[in-house]
*Asks:* 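Have a look at this one.
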Number of protein chains: 2
Amino acid sequence: MKKQVKTINDSLVRVYGDILWIEENELRQSRFKDLTIKDMHAINAITMYDKKTASQVAKELHLTPGTLTSTINRLEKKDYVKRIRSSNDRRVIRLGLTKKGRLMYRAHDAFHRMMIDSFLKDVEPDEIKTIEKALRNLENFLREHS
Amino acid sequence: MKKQVKTINDSLVRVYGDILWIEENELRQSRFKDLTIKDMHAINAITMYDKKTASQVAKELHLTPGTLTSTINRLEKKDYVKRIRSSNDRRVIRLGLTKKGRLMYRAHDAFHRMMIDSFLKDVEPDEIKTIEKALRNLENFLREHS
DNA sequence: CTCATTTATTTTGATAATCAAAGTATGAAT
DNA sequence: ATTCATACTTTGATTATCAAAATAAATGAG
């Protein structure tokens, strides 16, 4: 019983470290060598879809506003991200991806999809429900602790 | 179907970011304020149990030998970790935790245990098998990609 | 309307983690 | 003995990060 918890925990810890490391390596061999994982995760948080504000993205990534600014500077200079000054409130910056940014976004997304597909290999639909339940549990736990 | 994969993926991404952030905050409020999360993860990798070599730990953490050296220097100075020169091969450094290090290890471990307990709340024994299967899938995927 | 306050972002200055590459010490093998 | 390999450390440079101060725009009270 106790042992099972430890095994699952160790597996999660290992998996997390390995994912970051593999993503870093794949990135270095790809056409997007000029990005770090952190850059990639910023692009992922910015998203192809909404036009989030800088503050929203900083919060999601748990970065201070200043750090986010410099992240955006970097990504703007490298032509992955663009700043869009909001017209109703001219203090706020909305963030969007350039063509190159969207390309990167899709590539990263494809990797994650592959990963989740393999995660769910041979997992039956009702078993997926179990996994979703456990993840919800975890998210609740984290919410209580923040 | 596609949607489910996306939901699970987003949840995992969110969860991992949040765990790091929460651990960082808890640490800052604890008696172990002098440690960063990275320090804590090094202590976790060093473990209370085996006496791993510096190389082993570096590999587990995906750090270069040089970086591990400076991590160990830091943690030794703060009295969490001790170096033990191996007697059969005097090039090898084995790593152990001090009393303070073991205290930290247990505290961190307790947090993880709580987390996994809540993850597995209302999850039946045979459902746990599902989760273990999915994690094994993921570890295999990661092994193929490294 | 104007001044004070709040909000969103940027700038600045300092620090810590990291890497690659060179260095040191030890061990292994021919 | 000499060379090669291994385990770790040192060095020098770079990058991500933060806290705090600065800027710029919006909001609200009178």
Side-chain angles (χ1 to χ4, degrees), chain A residues 17 20-21 23-25 27-29 32-46 50-78 80-96, chain B residues 17 20-21 23-25 27-29 32-46 50-78 80-96:
Chain A
L20 284 186
W21 184 69
E23 285 187 342
E24 201 163 356
N25 289 343
L27 204 54
R28 232 179 276 136
Q29 292 161 5
F32 305 111
K33 303 187 209 324
D34 58 338
L35 296 176
T36 66
I37 309 187
K38 309 235 171 187
D39 289 335
M40 194 172 72
H41 286 144
I43 289 172
N44 190 245
I46 289 169
D50 337 328
K51 294 261 174 288
K52 297 179 191 168
T53 68
S55 314
Q56 280 178 304
V57 172
K59 195 168 179 187
E60 262 184 60
L61 295 173
H62 303 302
L63 295 176
T64 61
T67 302
L68 207 261
T69 294
S70 79
T71 303
I72 301 303
N73 287 344
R74 216 165 51 234
L75 291 174
E76 204 176 35
K77 188 158 359 169
K78 291 179 184 166
Y80 287 91
V81 166
K82 59 189 173 206
R83 285 180 161 93
I84 306 156
R85 191 53 80 175
S86 160
S87 50
N88 12 338
D89 184 341
R90 304 189 347 86
R91 288 168 308 179
V92 337
I93 294 286
R94 297 194 164 269
L95 297 173
Chain B
L20 284 187
W21 185 69
E23 284 187 342
E24 201 163 358
N25 289 342
L27 203 55
R28 230 179 278 138
Q29 292 161 6
F32 305 111
K33 303 187 209 323
D34 59 338
L35 296 176
T36 65
I37 309 187
K38 309 235 172 187
D39 289 335
M40 193 172 72
H41 286 143
I43 289 172
N44 189 245
I46 289 169
D50 338 327
K51 295 262 176 285
K52 297 180 191 168
T53 67
S55 314
Q56 280 179 304
V57 173
K59 194 169 179 187
E60 262 185 58
L61 295 172
H62 303 303
L63 294 176
T64 61
T67 302
L68 207 260
T69 293
S70 79
T71 303
I72 300 303
N73 287 344
R74 216 166 51 235
L75 291 174
E76 205 176 34
K77 190 160 356 172
K78 291 180 185 166
Y80 287 91
V81 165
K82 59 188 174 208
R83 284 179 161 93
I84 306 156
R85 188 59 74 176
S86 161
S87 49
N88 12 336
D89 184 341
R90 307 192 341 88
R91 290 169 304 179
V92 173
I93 294 287
R94 296 194 165 268
L95 297 173

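We name chains A, B, ... by the order of the sequence lines, and we start the count at 1 in each one.
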*Asks:* Name the closest nucleotide to the A:Arg83 side chain, picking from C:dT10, C:dG27, D:dA26.
*Replies:* C:dT10
*Asks:* Could you check A:His41 against A:Glu23 for side chain to side chain donor-acceptor pair (under 3.5 Å), going step by step and ending with a plain yes or no?
*Replies:* CA-CA 10 Å; A:His41 286 144; A:Glu23 285 187 342; 3.2 Å; yes
*Asks:* Nearest 0.5 Å please: distance from the CG atom of A:Asp39 over to the CD1 atom of A:Ile43.
*Replies:* 6.5 Å
*Asks:* A:Ile37 has an atom CD1; how far is it from atom P of D:dT17, in whole Å?
*Replies:* 11 Å
*Asks:* Could you run down the sub-3.5 Å N/O contacts of the protein with nucleotides 1-6 of chain C?
*Replies:*
none

*Asks:* Roughly, in whole Å, what's the span from CZ in A:Arg90 to P in C:dT10?
*Replies:* 13 Å
*Asks:* If a protein heavy atom is under 4.0 Å from the base, mark B; if only from the sugar-phosphate, S; if neither, -; do that for nucleotides 15-20 of chain C going 5' to 3'.
*Replies:* --SBBS
*Asks:* Please state how far atom CG in A:Asn73 lies from atom C1' in C:dT10, giving the value in whole angstrom units.
*Replies:* 8 Å
*Asks:* From CE of A:Met40 over to C1' of D:dA16, roughly how many Å is that when rounded to an integer?
*Replies:* 16 Å
*Asks:* Applying side chain to side chain contact (heavy atoms under 4.5 Å, CB included), can you list everything that pairs with B:Ala45, at least two apart in sequence or on another chain?
*Replies:* B:Val57, B:Glu60, B:Leu61
*Asks:* Just to verify, what does A:Lys38 make a side chain to side chain donor-acceptor pair (under 3.5 Å) with, not counting sequence neighbours?
*Replies:* none
*Asks:* Write down the distance between CG (B:Leu20) and C1' (D:dT17), rounded to a whole number of angstrom.
*Replies:* 15 Å
*Asks:* Could you tell me how far apart B:Lys77 (NZ) and D:dT9 (P) are, to the nearest whole angstrom?
*Replies:* 14 Å
*Asks:* When the nearest nucleotide of DNA chain D is assigned to A:Pro65 and to A:Arg85 on a heavy-atom basis, which residue is associated with the more 5' position?
*Replies:* A:Pro65
*Asks:* A:Glu76: which residues meet the side chain to side chain contact (heavy atoms under 4.5 Å, CB included) condition with it, sequence neighbours left out?
*Replies:* A:Arg83
*Asks:* Testing the 3.5 Å rule here: is there a donor-acceptor pair between the side chains of B:Ser70 and B:Asn73?
*Replies:* no
*Asks:* Apply side chain to side chain contact (heavy atoms under 4.5 Å, CB included) to B:Lys51 and list each qualifying residue two or more places apart in sequence or on a separate chain.
*Replies:* B:Ile84, B:Arg94
*Asks:* Between D:dT17 atom C1' and B:Trp21 atom CH2, what is the distance in whole Å?
*Replies:* 16 Å
